[in-house]
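Everything below concerns the one structure shown next.
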Amino acid sequence: MPPIRPPTAADTTKLFLLGAIWGSAFLCIAIALEDFQPMTVAAVRITLAGLALCSAAWLRGERGSVDGRMLLLLVLIGFFNSALPFTLISWGQQHIDSSRAAILMAMGPFIVLLMSHLFTNDDRLTAPKLAGMALGFGGVVLLIGADVLFGARSGVLGQLAVVGASTSYAVAGLLTRRAATLPPLLWSGIVLMTASAYMVPAALVVDQPWTATPDWRSMAALLFLSVGPTGFAYVLRFQIIRNCGMTFMSQVSYLVPMFGVFWGWLFLAETPSPRLWAALALIVAGIYVSRLGRRRGAGVAAR
């Protein structure tokens, strides 16, 4: 892989495009849930994206071998990176709006920080990381706390499901560090297809999707969710990491909740409450503070 370079205007445009695409996932899920059940949404999303990425890998000439241990690891990654979080997000969005789901998913970086500290030896918590986590979790408490106090049980469970999806992504990230090197598109396609192998039968049994009568709107949302936020976004993410590195790529965490709120307001008339804006500000501030130490370290290294 070539050395990273300073980001250009085109790279920044790609970063904003990626944030917009990932932020639109919550809007698409909300629309797809009008006619499809949560497990069906997850299964279709996983399968179509997996087929698209495997096809792209084949056209690019990406090849690799997988032994039994690697296959088991890929199955586990597929469960924690796709099957479980996609199902939890879809289920949770039956009870909360897309804007709130997008903000809660921004908890991912904080959960990764905590789990990396507990289960790895080379990514420990620092004072900025702890301060950032405190701000981020404060935002979640602000979002969920009022529903707990006022007894909105379904809303609380829906929010906890989305936080569970963030935790699942963090587990997948730790497992991914143990995976042997495979070409990126092929790796992602195999992960999705291993999840598809059990998600499709599960959706057929649990949801009985043939009984649904979807209209064009929900079908279009589900198709875009599969090809855009799940498939194309991965290719865009890889390009950004390859050219500019993970530090630049990590800034997408600021953009996803912003775009999630924007798309919900634009297409679903979801009006963010002052409490939601305050929670978003706390979480974004937490992401920024948690990276201060990393940025300073990078600056020292550059000198």
Side-chain angles (χ1 to χ4, degrees), residues 22-46 49 76-112 114-115 133 136-175 192 195 198-199 202-203 205-207 209 218 221-222 225-226 229-230 253 256-257 260-261 263-264 268 270 272-273 275-276 279-280 282-283:
W22 272 344
S24 71
F26 307 97
L27 165 70
C28 293
I29 291 170
I31 296 174
L33 286 172
E34 294 174 2
D35 293 311
F36 296 102
Q37 294 298 313
M39 194 169 287
T40 298
V41 172
V44 172
R45 177 183 183 181
I46 288 168
L76 288 174
I77 294 171
F79 177 76
F80 286 107
N81 195 67
S82 304
L84 182 59
F86 290 176
T87 303
L88 286 174
I89 294 169
S90 296
W91 185 88
Q93 280 196 239
Q94 292 182 122
H95 307 287
I96 62 174
D97 58 35
S98 65
S99 299
R100 184 166 298 214
I103 291 173
L104 287 169
M105 280 302 298
M107 282 302 299
F110 306 114
I111 297 171
V112 169
L114 179 59
M115 297 190 74
M133 285 179 60
F137 281 108
V140 172
V141 170
L142 183 62
L143 267 185
I144 302 179
D147 290 339
V148 173
L149 292 175
F150 293 106
R153 183 172 178 272
S154 62
V156 171
L157 292 177
Q159 292 176 89
L160 291 177
V162 176
V163 174
S166 293
T167 305
S168 183
Y169 281 128
V171 173
L174 293 177
L175 291 172
L192 288 168
Y198 52 82
M199 281 300 295
V205 172
V206 175
D207 291 347
S218 57
L222 187 53
L225 176 67
S226 306
T230 316
S253 298
V256 172
V261 172
W263 296 133
L268 299 178
E270 295 176 355
S273 65
R275 181 160 58 96
L276 189 144
L280 177 60
L282 282 172
I283 290 172

Taking only distance into account, with no hydrogens and no angle test, what donor-acceptor pairs under 3.5 Å do side-chain atoms of residues 79-87 form with protein atoms, sequence neighbours excluded?
residue : atom : partner : partner atom : Å
Thr87   : OG1  : Ala83   : O            : 2.7

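Rounded to the nearest 0.5 angstrom, Phe36 CZ and Ser90 OG are separated by 12.0 Å. Note that CG of Asp207 and OG1 of Thr40 are 3.5 Å apart. Values are rounded to the nearest 0.5 Å. The distance from the CZ atom of Phe26 to the CD1 atom of Ile89 is 5.5 Å, given to the nearest 0.5 Å. Rounded to the nearest 0.5 angstrom, Ile111 CD1 and Met133 CE are separated by 9.0 Å. For the atom pair CG of Leu88 and OG of Ser166, the computed distance is 10.0 Å after rounding to the nearest 0.5 Å. One finds the CG atom of Leu280 at 4.5 Å from the CD1 atom of Ile103 (value rounded to the nearest 0.5 Å).
A pairwise comparison of heavy atoms in Ala101 and Val162 identifies O-CG1, 3.6 Å as the closest pair. Leu192 and Ile46 get closest at one heavy-atom pair: O-CG2, 3.0 Å. Across every non-hydrogen atom of Ile283 and Gly136, the tightest pair is CG1-O, 3.7 Å. Residues Leu142 and Ala279 share a closest heavy-atom pair of CD2-N, 3.6 Å. Residue Pro229 comes nearest to Ala25 through the heavy atom pair CB-CB, 3.8 Å, listed as atom of the first residue, atom of the second, then distance. Closest heavy-atom contact between Gly155 and Ile96: O-CG2, 3.6 Å.
Side-chain contact between His95 and Leu157 is absent, with no heavy-atom pair separated by less than 4.5 Å. Using a 4.5 Å heavy-atom cutoff, the side chains of Phe137 and Met107 are in contact.
Checked by atom type and distance alone, the side chain of Arg100 never pairs as donor or acceptor with a backbone atom of Leu276 at under 3.5 Å.
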- Take Leu268 and Ile31, measure what side chain to side chain contact (heavy atoms under 4.5 Å, CB included) needs, and give me the verdict at the end. CA-CA 9 Å; Leu268 299 178; Ile31 296 174; 4.2 Å; yes
- Item | Verdict with reasoning, Leu33 to Gln93, per side chain to side chain contact (heavy atoms under 4.5 Å, CB included) | CA-CA 8 Å; Leu33 286 172; Gln93 280 196 239; 3.8 Å; yes
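Residues passing the side-chain hydrogen bond (donor to acceptor under 3.5 Å, both in side chains) test with Ser99 are Glu270, sequence neighbours excluded. Shown here are the side-chain hydrogen bond (donor to acceptor under 3.5 Å, both in side chains) partners of Thr230, two or more places apart in sequence or in another chain: Arg45. In this structure, Ser226 has no side-chain hydrogen bond (donor to acceptor under 3.5 Å, both in side chains) partners at least two apart in sequence or on a different chain.
Screening residues 25-37 for side chain to side chain donor-acceptor pair (under 3.5 Å) gives Glu34-Arg217, Asp35-Ser218 as the qualifying pairs, with residues at least two apart or on separate chains. Within the structure, no pair that satisfies the salt bridge (charged side-chain N to carboxylate O under 4.0 Å, His left out) test touches residues 80-95, not counting sequence neighbours.
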